[in-house]
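Take a look at the structure below.
Below, read A as the first sequence line, B as the second, and so on, with proteins coming before strands; counting in each chain starts at 1.
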Protein chains: 2
Amino acid sequence: MSGLSTATVTRLPRYLRLLEEMPRETVSSEELAGAAGVTAANARRDLAALGFQGIRGVGYLTTELRDRIRKELGIETRRRVGIVGAGNLGTALARYTGLSKRGFDVAVIYDVHPGRVGQRIGDLTIRHLDDMTADLEKGVFDMAILAVPAGSAQKVADALVEAGVASILNFAPTRVSVPKSVAMRQVDLSNELQILSYYG
Amino acid sequence: MSGLSTATVTRLPRYLRLLEEMPRETVSSEELAGAAGVTAANARRDLAALGFQGIRGVGYLTTELRDRIRKELGIETRRRVGIVGAGNLGTALARYTGLSKRGFDVAVIYDVHPGRVGQRIGDLTIRHLDDMTADLEKGVFDMAILAVPAGSAQKVADALVEAGVASILNFAPTRVSVPKSVAMRQVDLSNELQILSYYG
DNA sequence: TAGATTGTTAATCGATTAACAATC
DNA sequence: TAGATTGTTAATCGATTAACAATC
């Protein structure tokens, strides 16, 4: 029960990215802050919330902090992700190699279209959605990326939840509701552009 | 100079989505709130910030509120978007029809690879990145989606800014800095998964 | 010691919410 | 009038920041 604030949690990946590229043995709160777009005081407070101490006059030990953040995020070991939907977006995400570099393995991808099931995407073979529940219960993956049309997003999410998925990243352009016990985040391209349109 | 809070701006697209699907002539703050995941009081306060008034005992007029939000977001008329990078992700985004439904036209897509330039994606023909500046200055598009590798993101962003782009949606897995006059938002898939990993 | 940088306090800021009078 | 729902106040909550003593 560490109870980090949501604001702190969203910055941890940004600190981590810097730490993974950092050649020096120590790093200052100011450098970390730059990577996250906040002030140095804010970065120090975030690390204090982790219970991680720096060295006055010196900074934070790079590799120790890196490992501590990885542990906090639950990515000490690689995580297995399942992609649901092998349309344009699902296929693009399955081919995206950046995920692997950051500790996520795309273990499986599903679709329902007869012409699509069985086709290959890189090392993966598209499986039928009907296999998803059994795969999830077998531990083939535990994090899901929803890349299905808006109309089927809630139904697929329900099936994922029912089978015990840990978390869902929703790319479908519709709100999906899940129990509080399941973590979910949504990325909505149109919403992002509309927000940008306001400012630009 | 209306000066909405950033929190309010991020909710406007969610209200708008509900309003676009709403069959009734009026809508309550509670319904709007449900679409955005906030309380009814919060939704009412957001609309008050727009200077939009409801009718006590009745609710808000659906089409008037819809038009008001569209106007506020600057999407009364369709906006033209340019995609930079015709790799997996850029191609998937170019094929995504949901953008058009919400008022954004993908006007052009660029790449630098000789084998890629000239190929077609749906109605579009991939253009060379060297054409981007001239296109931007001609008004072919004014919002950009960055879908290039991390290594070239900053360089491309600089060129976009130089040529007067209004806003940038950055899918590259790296922070890019732009002048305050240019709006930018970043979508980082790995970061999203890492955040989810913390909760799930 | 001198310089650098943390850890933390206190103040501020921004956003959310409950509650209820106003009024359709 | 009775019921519904807004508009807004006041309180609360959560997050950020400046500043500086502590200390490497």
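When the side chain to side chain contact (heavy atoms under 4.5 Å, CB included) test is applied to B/Arg185, the partners found at least two apart in sequence or on another chain are A/Glu192, A/Ile195, A/Leu196, B/Thr10, B/Leu169. For the side-chain hydrogen bond (donor to acceptor under 3.5 Å, both in side chains) test, residues two or more places apart in sequence or in another chain that qualify with B/Tyr15 are B/Asp46. For B/Arg14, the side-chain hydrogen bond (donor to acceptor under 3.5 Å, both in side chains) partners are A/Gln186, not counting sequence neighbours. For A/Ser5, the side-chain hydrogen bond (donor to acceptor under 3.5 Å, both in side chains) partners at least two apart in sequence or on another chain are A/Thr8. Here B/Ser177 pairs with nothing under the side-chain hydrogen bond (donor to acceptor under 3.5 Å, both in side chains) rule; sequence neighbours left out. The side chain to side chain contact (heavy atoms under 4.5 Å, CB included) check on B/Thr174 picks up B/Ala150, B/Ala153, B/Ala172, B/Val176, with sequence neighbours excluded.
Using a 4.0 Å cut-off on heavy atoms, the residues of residues 28-38 of chain A that approach DNA chain C are A/Ser28, A/Ser29, listed by number. Contact check of residues 61-71 of chain B against DNA chain C (heavy atom, cut-off under 4.0 Å) returns no residues at all.
Counting only residues at least two apart or in different chains, side-chain hydrogen bond (donor to acceptor under 3.5 Å, both in side chains) contacts with residues 137-152 of chain A comprise A/Arg79-A/Asp142. Here side-chain hydrogen bond (donor to acceptor under 3.5 Å, both in side chains) pairs that include residues 114-125 of chain B, with residues two or more places apart or in two chains, are B/Thr91-B/Arg116, B/Arg116-B/Gln119, B/Arg120-B/Thr125.
With 3.5 Å as the limit, one finds a donor-acceptor pair spanning the side chains of B/Asn191 and A/Arg102.
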How does each nucleotide of nucleotides 8-13 of chain D score, in 5' to 3' order, for protein heavy atoms under 4.0 Å: base (B), sugar-phosphate only (S), or none (-)?
BBB---
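Contact annotation: B/Thr39 side-chain N/O to C/dT17 OP1/OP2 distance is under 4.0 Å. Checking the phosphate oxygens (OP1, OP2) of C/dG7, a side-chain nitrogen or oxygen of A/Tyr60 falls inside 4.0 Å. In terms of phosphate contacts, A/Thr26 brings no side-chain nitrogen or oxygen within less than 4.0 Å of OP1 or OP2 of C/dT5.
Nearest nucleotide to the side chain of B/Ile55, out of C/dC24, D/dA15, D/dT17: C/dC24.
Among the atoms of the strands shown, none is found under 4.0 Å from any heavy atom of B/Thr8.
Pairing each heavy atom of B/Gln194 with each of A/Pro13, the nearest pair is OE1-CB, 3.2 Å.
Side-chain contact between B/Phe171 and B/Ile83: absent, with no pair of heavy atoms (C-beta onward) separated by less than 4.5 Å. Side chains of A/Ile55 and A/Thr26 form no contact here, defined as non-hydrogen atoms less than 4.5 Å apart. Between A/Leu16 and A/Ile75 the shortest side-chain heavy-atom distance falls below 4.5 Å.
Note: CG (B/Asn42) to P (C/dA19) measures 16 Å, nearest angstrom. The distance from atom CG of B/Leu47 to atom C1' of C/dA15 is 16 Å, rounded to the nearest whole Å. Atom CG in A/Leu4 sits roughly 13 Å away from atom P in D/dT16 (whole-Å rounding). Rounded to an integer number of Å, the gap from CZ of B/Phe52 to P of D/dT6 is 11 Å.
Bending across the helix from C/dG3-D/dC24 to C/dC24-D/dG3, expressed as the angle between its end axes from five pairs apiece, amounts to 20° (10° rounding).
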